[in-house]
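Below is one structure, written out as structure tokens, with a few remarks after it.
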Amino acid sequence: MRTSLRIIFGITTMLVLAFANANESRTKQDLDAVQKELEKSQKSYQQQSERFNKLQRKLRDFELQIAQHAKALSLTEQGINENRQQQYTLESENKHLKQQKSKLQRLLAGQLKSAYMTGSHDYSKMLLNQEHSATLERTLSYYDYFNKARITQIEALKKVIEQLAENQQSLEQKQQQLNDLFTQQTERLAALKATKEQRQNSLSQLNSALKQTQSAIAYLKENEQTLITTLSQLNEQQSESLVPVELTGLRSKKGKLPWPSKGRLKHRFGQRKHAGMNWKGVFIAAKTGDNVKAVQQGQVVFADWLNGFGWVIVIDHGLGYMSLYGHAQTLLKDVGDQVRNGESIALVGQSGGQADPGLYFELRHKGSAVDPVKWCK
């Protein structure tokens with residue numbers, strides 16, 4: 001019996017050892033497979049991240065070009081308006097000079113008629129009439145003086161009108177050049193926007209893949225942290241303003257500030273943006289190219305491109321108050337510029353990887369974001 005038990009125990013032990021060895025071998029194989037898969041995933045993620053960063057850089061480059069051309073387009077429009085105003089001024093002057101010319105011509109005609117009538121229709125008789133030689137001399141001198149004066153004035157007016165005609169021709173040529181430039185700029189802007197949309201599609205596809213991982217959240221948090229850090233630095237540098245400017249803050253304007261752009265509020269302050277993230281400002285759905293206006297007078301302390309927010313401009317209003325405007329198509333002001341209430345500072349766009357055109361708007365007091373809805377009317 002004992003012998004049988006020993007045999008059974010031995011067989012059982014061998015089976016257990018064999019099973020353990022088999023499990024260990026299987027476990028090692030599984031671990032190797034997991035490690036290989038992990039290495040493959042890490043490599044794939046690294047490639048994906050590199051591609052993502054490359055697309056992000058390309059997107060920024062295209063947005064930079066769009067900003068440059070949009071600003072040039074805006075300046076061209078200003079040039080056209082100034083050119084038209086100059087034309088209106090010259091046309092008015094031209095009309096006035098023509099009226100003067102007509103008036104002088106009528107006066108001259110009357111003068112000639114009067115001279116003819118004074119000579120009793122016989123100029124030779126007046127010359128031979130010795131009794132009236134003194135009168136004749138005075139009359140001739142009188143009319144000779146005024147005729148020369150009128151002729152001189154008319155000649156001067158002719159020259160002025162000729163100059164105006166030349167200026168008008170030059171302005172028309174300039175107008176045509178500006179119109180051609182405007183057309184070229186519009187076409188180039190449209191081409192760049194189309195190319196940007198192609199890049200945006202690729203970026204959207206990559207974002208869709210990244211959204212399934214923690215990397216997307218990390219990327220968005222990194223962008224937000226970049227913005228917070230930038231604003232914090234700007235807040236600390238307020239006392240070191242580029243130009244001494246008296247800024248009175250926004251406290252007295254609470255509930256009275258104008259909105260920086262027309263459009264509906266697509267996202268509101270405090271709403272959930274992503275996992276663990278809320279909106280620190282508002283997103284105003286607006287048309288590309290619409291003017292972005294300063295909500296209050298102040299000084300530009302930041303004007304540059306930021307990851308996730310595109311072209312951003314920040315205005316210091318004093319006493320710890322700042323306003324931020326993001327996703328612009330182009331910026332119309334530079335750091336150090338002083339802006340008035342309601343002055344155009346940028347154009348609405350969709351920079352920073354934004355799918356739809358609009359304006360991101362923040363208000364901050366001593367570094368903390370406040371709800372723009374409570375401040376703007």
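The line from NE2 of His267 to CD1 of Ile284 is 12.0 Å long, rounded to the nearest 0.5 Å. Note that NZ of Lys262 and CG of Asn291 are 10.0 Å apart. Values are rounded to the nearest 0.5 Å. To the nearest 0.5 Å, atoms NZ (Lys293) and CH2 (Trp259) are separated by 15.5 Å. Note that the CZ atom of Arg60 and the CG atom of Leu306 stand 8.5 Å from one another [nearest 0.5 Å]. Interatomic distance, Gln338 CD to Arg340 CZ, rounded to the nearest 0.5 Å: 10.5 Å.
In summary, the aromatic rings of Tyr321 and Trp375 are positioned with their centroids under 6.0 Å apart. Ring centroids of Tyr360 and Phe283 are separated by 6.0 Å or more, keeping the two rings apart.
Under a hydrophobic clustering in which Ile, Leu, Val, Met, Phe, Trp and Tyr are joined whenever their side-chain heavy atoms come within less than 4.5 Å, directly or via other members, Leu319 and Leu257 fall into the same cluster.
Lys280 NZ: more than 12 foreign heavy atoms inside a 6.0 Å radius. Heavy-atom neighbours of Lys253 NZ from other residues, nucleotides or ligands within 6.0 Å: at or below the threshold of 12.
Judged purely by atom type and a 3.5 angstrom limit, Asp371 uses its side chain to pair as donor or acceptor with the backbone of Val373.
For the 3.5 Å distance criterion, the side chains of Gln175 and Asn179 qualify, holding a donor opposite an acceptor.
Of the listed residues (Val292, Val295, Leu332, Asp337), just one forms a side-chain contact (heavy atoms from CB on, under 4.5 Å) with Ile345, and that residue is Val292.
Listed by first then second residue, pairs satisfying salt bridge (charged side-chain N to carboxylate O under 4.0 Å, His left out) with a partner in residues 347-358 read Lys266-Asp356, not counting sequence neighbours.
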Check against side-chain hydrogen bond (donor to acceptor under 3.5 Å, both in side chains), Gln176 and Asp180 = CA-CA 6 Å; Gln176 185 59 48; Asp180 293 342; 3.0 Å; yes

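Side chains of Ser74 and Thr330 form no contact here, defined as non-hydrogen atoms less than 4.5 Å apart.
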